[in-house]
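Below, chains carry the letters A, B, ... as their sequence lines are ordered, and counting in each starts from 1.
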Amino acid sequence: MTPYSFAHNAYAGDLQQTWDHLIDGEESGVTVHVAGRVMLLRTQGKLAFATMRDSTGEVQLFALAALTERFDEFVRLHLGDWVGVVGEVVRTKRGELSVKVVSWSTLAVAQHNFGDKWAGIADFDLRYRHREADLWANEKSRLTLARRSDVLRSARERCWAANFMEVETPILNPIPTGASARPFSTFHNALDSQFYLRIAPELWLKRLVVGGFERVFELGRVFRNEGVSPRHNPEFTMLELYAAYWDYENMMNFTEELVANVATDVLGSTEISYQGRPLSFATPWPRRTMAELTSEAVGEEVSVHTPRRHLANLLAQRDVEVPEAWGAGRCLAELFEASAESSLWDPVFVTDHPVEVSPLARRHRNDTTLTERFESYAVGRELSNGFSELNDPVDQRLRFEEQARLAAAGDDEAMRIDEDYLRALEWGLPPTAGLGLGIDRLVMLLADESNIREVIAFPTLKPRRD
RNA sequence: GCGCCGGUAGCUCAAUUGGCAGAGCAUUUGACUCUUAAUCAACAGGUUCCGGGUUCAAGUCCCGGCCGGCGCACCA
């Protein structure tokens with residue numbers, strides 16, 4: 001029977017640092033208890049060398065028939081077995097820091113191997129379905145998921161440092177809202193009610209601001225029942241935060257600082273390389289209106305005031321089908337996506353979106369057909385989305401009603417009227433700015449990964465049907 | 001959802017024009033007192049993803065299905 005515990009008192013990584021000064025063949029006189037997984041095993045008659053890895057790194061185990069108990073069993077260990085070892089820290093004649101094994105025990109056996117000891121595990125299906133094996137076999141996977149943890153820690157600390165309080169809001173929602181997306185639905189038996197997994201926590205968070213929490217953030221999972229791709233997982237992690245008394249300019253300032261600081265916390269610099277190309281998070285990020293960028297991309301002046309018919313023609317030239325229900329605003333936003341979006345490499349704020357595509361954003365103070373909204377883009381992808389929040393319950397009702405008309409016309413991503421939210425606005429939402437930041441996308445950039453599944457420990461896969 | 005590509009031993013990968021299904025590592029056995037992906041020797045290891053079809057003969061060609069990668073669509 002394997003032990004129930006092990007009196008562990010040292011880590012491989014620490015030993016490598018602490019005993020860096022040991023010269024070849026020198027013995028430290030210090031006995032340690034280390035534990036980890038056997039990654040490699042080299043036997044040589046009455047000697048055996050094992051490479052053991054724990055969460056901090058690797059250290060060699062040096063076993064001798066003359067010293068090590070049950071030596072004949074030690075040399076029969078399998079790659080992947082967990083062992084606990086007691087022995088002296090030494091450096092071998094050939095220069096490898098080692099624990100000279102006196103007593104030891106198998107803590108757990110590995111009944112399956114961990115892939116080729118040189119090539120690891122390459123099969124995507126196996127790696128994603130059995131990430132536990134992938135993590136042992138592939139250093140890159142360990143580094144990427146550790147980096148995700150670093151990003152989460154940094155983002156939280158930066159939010160706390162700016163006096164945002166972390167809150168949690170419902171994942172089970174009677175109405176899916178706060179974004180435009182198809183939801184997952186589920187059912188609560190005792191309440192005899194249909195629920196939807198949240199597509200965004202937005203409205204709940206603003207209700208907390210109404211309640212007097214002036215700066216709140218939530219770092220949590222949202223769910224969207226849409227296609228999967230190298231950049232889309234059905235569940236993903238969003239940082240949403242709201243600050244009373246801020247407008248979207250303030251929030252853009254905060255956003256660029258947040259991302260730049262996270263990059264610095266995690267990588268030590270705002271200057272990184274992504275997929276072989278330099279990428280700079282250095283602030284300030286350019287701020288360009290959607291109309292400007294779209295005009296540049298299509299080679300003529302366009303805006304939300306351009307006749308819808310003309311915008312529709314420009315879209316048609318780009319093979320975009322234009323439904324009857326789209327107004328000039330939606331056409332402009334679609335034209336932006338079709339023409340300008342993919343070329344935005346370094347971070348940039350795209351601002352002043354049409355009201356038509358921004359049902360929760362406050363109208364622009366200089367043009368009521370636009371909103372005070374921004375989206376940051378990097379590497380041609382949307383990274384964040386924020387705005388001066390619409391806090392007028394009358395206008396919000398009009399926006400919801402417009403969404404309801406779209407839904408009636410067949411748009412299954414349109415928002416639904418949320419009476420509870422409207423009532424909350426009637427109690428008074430101060431001027432507030434909000435932000436939603438896609439954490440997975442940010443981790444992809446900071447981990448130099450091109451597939452979102454690499455930055456998610458257990459990405460959503462189709463269940464096997466054997 | 002559509003298109004392209006892929007699935008061969010536990011893992012990483014070969015297999016020419018349709019012609020005996022292979023190697024390295026892992027496993028098993030043996031040798032070896034300073035190895036570093038140790039080395040050397042030997043044994044063993046297969047529903048070639050699944051189901052049909054064409055053919056004297058199919059890993060290879062055709063049809064259907066499953067799973068994955070990439071692109072498109074949708075979207076963040």
Side-chain angles (χ1 to χ4, degrees), chain A residues 24-25 38-51 58-68 71 75-80 90-98 100 110-130 133-134 136-138 178-182 199-200 221-240 319-321 333-334 337-338 341 375-386 411-413 436-442 444 450-454 459 461-466:
Chain A
D24 294 358
V38 174
M39 301 309 294
L40 297 169
L41 184 63
R42 301 170 288 278
T43 66
Q44 179 150 346
K46 301 266 192 293
L47 300 181
F49 303 89
T51 302
E58 294 181 345
V59 69
Q60 179 168 267
L61 306 179
F62 179 21
L64 302 85
L67 177 73
T68 303
F71 179 81
V75 300
R76 284 200 300 274
L77 279 168
H78 288 109
L79 304 192
V90 302
R91 189 174 295 281
T92 59
K93 289 180 203 166
R94 297 294 284 270
E96 188 69 33
L97 190 77
S98 306
K100 200 156 77 172
Q111 297 184 41
H112 307 287
N113 80 7
F114 283 85
D116 187 272
K117 68 186 182 185
W118 186 243
I121 298 175
D123 184 70
F124 289 104
D125 203 58
L126 181 58
R127 289 184 52 229
Y128 296 150
R129 287 185 201 279
H130 288 285
D134 175 46
W136 283 104
N138 299 315
S180 297
R182 288 161 57 193
I199 57 176
R221 211 70 61 82
V222 297
F223 308 84
R224 299 188 183 177
N225 202 342
E226 287 162 350
V228 299
S229 85
R231 289 162 295 281
H232 301 83
N233 197 63
E235 52 179 299
F236 62 102
T237 298
M238 181 105 91
L239 171 65
E240 280 211 12
D319 298 321
V320 178
E321 209 174 309
E334 296 286 340
E337 287 177 22
E341 176 176 337
E375 292 178 299
S376 69
Y377 282 83
V379 190
R381 304 173 197 152
E382 185 182 341
L383 189 62
S384 70
N385 180 25
D411 184 344
D412 52 12
E413 293 178 356
L437 176 68
I439 294 295
D440 310 84
R441 292 259 175 103
L442 180 59
M444 285 171 71
S450 61
N451 186 333
I452 196 170
R453 290 175 167 182
E454 295 292 347
L461 297 177
K462 195 161 180 171
R464 281 206 168 283
R465 287 176 197 143
D466 291 326

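Separating the CG atom of A:Leu126 from the P atom of B:A9 is a distance of 12 Å, rounded to the nearest angstrom. Atoms CD (A:Gln111) and C1' (B:G10) sit 13 Å apart, rounded to a whole Å.
A:Tyr128 comes within contact range of the sugar-phosphate backbone alone, with a heavy-atom separation under 4.0 Å but no base atom that close. At the heavy-atom level, A:Asp440 lies nowhere under 4.0 Å from the strands shown. Backbone-only contact: A:Glu382 has heavy atoms under 4.0 Å from sugar-phosphate atoms and none from a base. Residue contacts shown for A:Ala181 are absent, as no nucleic acid heavy atom lies under 4.0 Å away. Across all strands shown, A:Gly227 has heavy atoms under 4.0 Å from base atoms, whether or not it also approaches the sugar-phosphate. Using a 4.0 Å heavy-atom distance criterion, A:Asn385 is classed as making no nucleic acid contact. As judged by a 4.0 angstrom heavy-atom cut-off over every strand, A:Asp24 is placed among residues making no nucleic acid contact. Within the 4.0 angstrom heavy-atom criterion, no nucleotide atom of any strand lies near A:Arg127. Using a 4.0 Å heavy-atom criterion, one finds that A:Thr43 contacts the bases of the nucleic acid, with or without backbone contacts as well. Among the heavy atoms of the strands lying under 4.0 Å from A:Glu413 are primed sugar atoms or P, OP1, OP2 only; no base atom is included. When heavy atoms are screened at a 4.0 angstrom cut-off, A:Gly120 is found touching the sugar-phosphate backbone but no base atom.
Nearest nucleotide to the A:Pro230 side chain, out of B:G71, B:C11, B:A38: B:G71. Side-chain atoms of A:Leu47 lie closest to B:C34 of the nucleotides B:U12, B:C34, B:A76. Comparing B:C70, B:A37, B:C67 against the side chain of A:Asp125 picks out B:C67 as the nearest. Which of B:G69, B:G71, B:U12 sits closest to the side chain of A:Arg453 comes down to B:G69. The side chain of A:Glu226 lies closest to B:C74, out of B:U12, B:C74, B:U36. Candidate nucleotides B:U36, B:A38, B:C13 were compared by shortest atom distance to the side chain of A:Ala122, and B:C13 ranks first. You'll find that the side chain of A:Asp116 is closest to B:C25, out of B:C34, B:C13, B:C25.
In this structure A:Phe49 satisfies the ring pair (Phe, Tyr, Trp, His ring centres under 6.0 Å) test together with A:Phe62, sequence neighbours excluded. Taking the salt bridge (Lys or Arg N to Asp or Glu O under 4.0 Å) definition, one finds that A:Glu337 meets it with nothing, sequence neighbours left out.
Here A:Phe124 does not lie in a stacked arrangement on the base of B:G68, lacking the combination of planes under 30° and ring centres under 5.5 Å apart.
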Can you pull every protein N or O that's under 3.5 Å from an N or O on nucleotides 26-30 of chain B?
{"from": "B:A26", "atom 1": "OP1", "to": "A:Lys117", "atom 2": "NZ", "distance (Å)": "2.5"}
{"from": "B:U27", "atom 1": "O3'", "to": "A:His78", "atom 2": "NE2", "distance (Å)": "3.2"}
{"from": "B:U28", "atom 1": "OP1", "to": "A:His78", "atom 2": "NE2", "distance (Å)": "2.7"}

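B:U55 makes up no base pair with any nucleotide shown, lacking Watson-Crick or G-U wobble contacts both under 3.5 Å. In this structure B:G30 sits in a base pair with B:C40, meeting the Watson-Crick or G-U test at under 3.5 Å. Across all strands shown, the partner of B:C25 is B:G10, judged by Watson-Crick or G-U wobble contacts whose two distances both fall under 3.5 Å. With both pairing distances under 3.5 Å, B:C4 is matched to B:G69 as a Watson-Crick or G-U wobble pair.
Counting only heavy atoms from C-beta outward, the side chains of A:Glu413 and A:Arg224 never approach each other to under 4.5 Å. Considering only heavy atoms from C-beta on, A:Ile121 comes within 4.5 Å of A:Asn138 through its side chain.
Ion pairing between a basic and an acidic side chain is recognised when a charged N comes within 4.0 Å of a carboxylate O; A:Glu454 and A:Arg127 show such pairing.
On the P atoms, B:C61 is 31 Å away from B:C25, given to the nearest whole Å.
The residue among A:Ile121 and A:Val228 whose nearest nucleotide of RNA chain B lies closer to the 5′ end is A:Ile121. Residue A:Phe114 is the one, among A:Ser98 and A:Phe114, whose nearest nucleotide of RNA chain B lies closer to the 5' end (criterion: closest heavy atom).
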